[in-house]
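Written out below as structure tokens is the structure these notes cover.
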Amino acid sequence: MRRTHSCCRLGADDAGSEVVLMGWVQRRRDHGGVIFVDLRDREGITQVVFNPEFNPAVHDKAQSIRNEFVIGVRGKVVRRLEGMANPNLKTGEIEVMADELRILNRAQPPVFQIEDNAEVSESIRLKHRHLDLRRPTLQKNIILRHRIAAAARRFLDENGFLEIETPFLTRSTPEGARDYLVPSRVNPGQFYALPQSPQLFKQLLMIAGFDRYYQIARCFRDEDLRADRQPEFTQIDMEMSFVGEQDIMCIAERLVQTIFSQVLEKNLPAPFPQLTYEEAMARYGLDKPDTRFGLELKEISDIVKDSGFKVFADVVKKGGIVKALNAKGCIDLSRKEIDDMAGFVSVYKARGLAWVKVREDSWQSPIAKYFSEAEKQALAERVDMAPGDLVFFVADQPRITNDALGHLRNFLGEKLGLIDHSAYNFLWVTHFPLMEYDEEEKRFQALHHPFTAPLEEDYGKLETDPLNVRSRAYDMVLNGSEIGGGSIRVHQRELQEKLFSALGMSPETYEEKFGFLLSALDSGAPPHGGIAFGFDRLVMILAGQNSIRDIIAFPKTQKAACLLTNAPADVSPAQLEELSLRIRKQ
RNA sequence: GGGGGUGUAGUUCAGUUCGGUUAGAACGCCGGCCUGUCACGCCGGAGGUCGCGAGUUCGAGUCUCGUCGCUCCCGCCA
């Protein structure tokens, strides 16, 4: 018995032909006489009929069929009688009259039903992932993931990019995320690190003269998980020589456009809007703004800096800022809802959430009495107050104010139904600061990574005013998610050393950790830059899923465990011995 | 590391407020009946370490403490 068709390809035109179908039993309906079986494969479902009058022996055999049995059926495609077609089924106009049945494998009743509309707890799904993956949504997600990857490969190949693999076993470098370490057996006491990204290798490939590189690369970061973060994840990683920001942004846009047209059959307008980091922070409070709705933030520090409301005035005097968010028409939000939002912003360390309900002729607000008429007038103008509005204020250090109101803005956009969930709003955020100050470690840290080139016009500030040096980095943002990021790299040794120094590394340290890069830069490195897409996040958004686990075949739990295989797990003393490792007793 | 949610039949849940006889429902499963269903229908049945461990109590699914899993978020993630 050889399969002739998949379970969704049959239609009225096939009536009369003999076919062999193979698949899983989705459901069996036994009417005592005739038995119906919905046969499922990855393409769809076809109804198979076992009729005792047509073939008694096969009908008899079909009695033993149960859900998720794997069967092969030979039979004739027949048009269903008038009124018996099933419009919910792609193949609903026909059915297959079974003339031969092979039970290829029996199956225990599945732990949960193989259908989309039975919500099953995540741990049970992950433990029986092979069953979970049989459900239509997950099948669709994984297939979509493949099609996006395939479209990306085609596009990059057609545009002269070479797919080149880079090592998984590499060396741990300072900066960045916590590394996953792999002990070396032949070098006792020494460790490889799994790559957080192929960053340095792709730069070396540019230096080697390959000009255009790409890789759909697995990356590893030993940090805590989130709904959109896994410890191992996939990047579409690209790098190009002899280019500037706009070249890379352009090809990245074309890549995304290609994915949209080939996979989603959607036309995506380009070029995408570009926003500087500074502007993004000013208007949205976040470096990955969701531009599917308005509700922009307005800074009001200048208006309130001398006001009678000490909380605001003091914050401004201490270098903080005060910003407002006008929830247009939301005057009817209850006190409890407003309290909930105060709780919401406290998560981001904001110390309070002030608010004003704008009535026809007055402000209803705990803080109204502190402001002069002139100040009220100025505020009303700045944030475009109209009767019926509810305006929120946060006063704090700039980072906290922006973070709190930026997230509150997203929260309100969702809560108030302002978001068009069918929209795909892409934009670029550019000119990120090159570094930030790490309060805990008391030193400067690269915002992107330490190989990002500073903006040439800011070179002068590298030593005097490093926090105000802008970089040649850019992020691609889709619907409030960072889905890609890259930069023009440093390609000259002198500048790279200067950056390492600015980041607090001694020459001995950077020589030891990055000597190979420095000497490569010294060997004729072309100007180059690139970008890496968070492939999982991109697929997640395009699949309309809320969890990255739903677009990864075998994801890990929040504790970074695989419930299917029970990894991680203990290893034998002999294995540890070979690796010269000893587990510390707790 | 911290905060929130959650854990009861194979699965999804109710029961927990205010402790009390035999822990329920739906779906699934098993058996019987049924020749046109497609969430087939009807009848019958089996199925429980109430996550785990202590404690309080005459008595704990229910109260207390601890612990574990899953999950969302903060920190973290160049």
Side-chain angles (χ1 to χ4, degrees), chain A residues 26-39 45-54 59 66-68 78 80-89 91-92 95 97 108-115 117-128 131-132 173-179 196-197 199-200 219-231 233 343-350 400 403-404 407 411 432-436 438-440 444-452 471 473 482 485-487 499 503 532 534 546-547 549 556-559 561 563 566:
Chain A
Q26 175 69 29
R27 193 168 269 116
R28 165 175 151 276
R29 291 179 293 279
D30 184 347
H31 286 247
V34 68
I35 296 172
F36 299 100
V37 165
D38 292 338
L39 191 62
I45 282 179
T46 298
Q47 175 165 283
V48 179
V49 186
F50 297 91
N51 191 318
E53 288 168 9
F54 182 68
H59 172 267
R66 292 294 180 271
N67 285 355
E68 300 307 311
V78 298
R80 297 204 200 177
L81 295 174
E82 193 70 30
M84 287 173 190
N86 183 351
N88 300 322
L89 221 54
T91 60
E95 58 197 7
M97 294 292 289
Q108 293 300 316
V111 169
F112 48 85
Q113 282 155 273
I114 310 301
E115 49 192 31
N117 50 3
E119 283 304 310
V120 181
S121 79
E122 187 125 20
S123 47
I124 287 167
R125 291 175 51 199
L126 291 175
K127 188 168 172 189
H128 307 276
L131 294 179
D132 197 26
T173 53
E175 309 276 318
R178 198 174 291 115
D179 285 317
Q196 297 176 27
S197 89
Q199 181 59 36
L200 289 174
C219 306
F220 306 85
R221 294 177 192 175
D222 188 5
E223 297 292 349
D224 287 346
L225 285 72
R226 285 286 190 283
D228 63 352
R229 258 164 41 190
Q230 283 274 306
F233 61 99
F344 179 87
V345 297
S346 74
V347 166
Y348 302 96
K349 305 287 182 311
I400 290 174
D403 209 28
H407 283 101
F411 177 83
F432 278 78
L434 188 69
M435 40 187 123
E436 59 190 344
D438 184 327
E439 292 291 346
E440 258 174 40
F444 294 107
Q445 267 203 342
L447 201 75
H448 197 60
H449 55 55
F451 322 109
T452 300
S471 73
E482 180 206 326
S487 63
L499 282 183
L503 293 171
N546 294 317
S547 165
R549 296 183 297 279
K556 296 197 168 39
T557 69
Q558 198 160 38
K559 293 277 300 283
L563 296 184
N566 279 325

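Below, each value reflects all heavy atoms present in this structure, side chains not excepted, and no hydrogens, waters or symmetry copies. Quick note on labels: first sequence line is chain A, next is B, and so on, each numbered from 1.
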Please pick, from [options], the nucleotide with the shortest atom-to-atom distance to any side-chain atom of [X].
X      : options                : value
A:R226 : B:rC73, B:rC38, B:rU71 : B:rC73
A:D30  : B:rU11, B:rC34, B:rG36 : B:rC34
A:E223 : B:rC73, B:rC76, B:rC38 : B:rC76
A:E122 : B:rG36, B:rC34, B:rU71 : B:rU71
A:N51  : B:rU71, B:rC38, B:rU35 : B:rU35
A:D224 : B:rC73, B:rC38, B:rC76 : B:rC76
A:Q113 : B:rU11, B:rG28, B:rG36 : B:rG28
A:N67  : B:rU11, B:rG28, B:rC77 : B:rG28
A:R549 : B:rC77, B:rC72, B:rC38 : B:rC72

Contact class for [X] (heavy atom, under 4.0 Å): base, sugar-phosphate, or nothing?
X      : value
A:E115 : nothing
A:Q26  : nothing
A:R28  : nothing
A:F451 : nothing
A:S197 : base
A:I124 : sugar-phosphate

query = Can you list the residues that meet the side chain to side chain donor-acceptor pair (under 3.5 Å) rule with A:D228, with sequence neighbours excluded?
reply = none

key: With A:R28 via side chain to side chain donor-acceptor pair (under 3.5 Å) - residues at least two apart   = A:D30

Within less than 4.0 Å of OP1 or OP2 of [N], is there a side-chain N or O belonging to [X]?
X      : N      : answer
A:R221 : B:rC76 : no
A:R229 : B:rC74 : no
A:S121 : B:rU71 : no

query = Checking only heavy atoms, does the side chain of A:R66 share a donor-acceptor pair with the base of B:rC30 at less than 3.5 Å?
reply = no

task = Check whether the side chain of A:R27 and the base of B:rG28 form a donor-acceptor pair under 3.5 Å.
result = no

request  = Round to a whole Å and report the spacing from CG of A:L225 to P of B:rG1.
outcome  = 14 Å

query = Is any side-chain heavy atom of A:I114 closer than 4.5 Å to a side-chain heavy atom of A:E68?
reply = yes

Centroid under 5.5 Å and tilt under 30°, A:F36 to B:rU37 = yes

ask   = Do NZ/NE/NH1/NH2 and the carboxylate oxygens of A:D224 and A:R229 come within less than 4.0 Å?
value = no

Identify the pairs formed between an N or O of the protein and an N or O of nucleotides 2-7 of chain B at a distance under 3.5 Å, and give each distance.
none

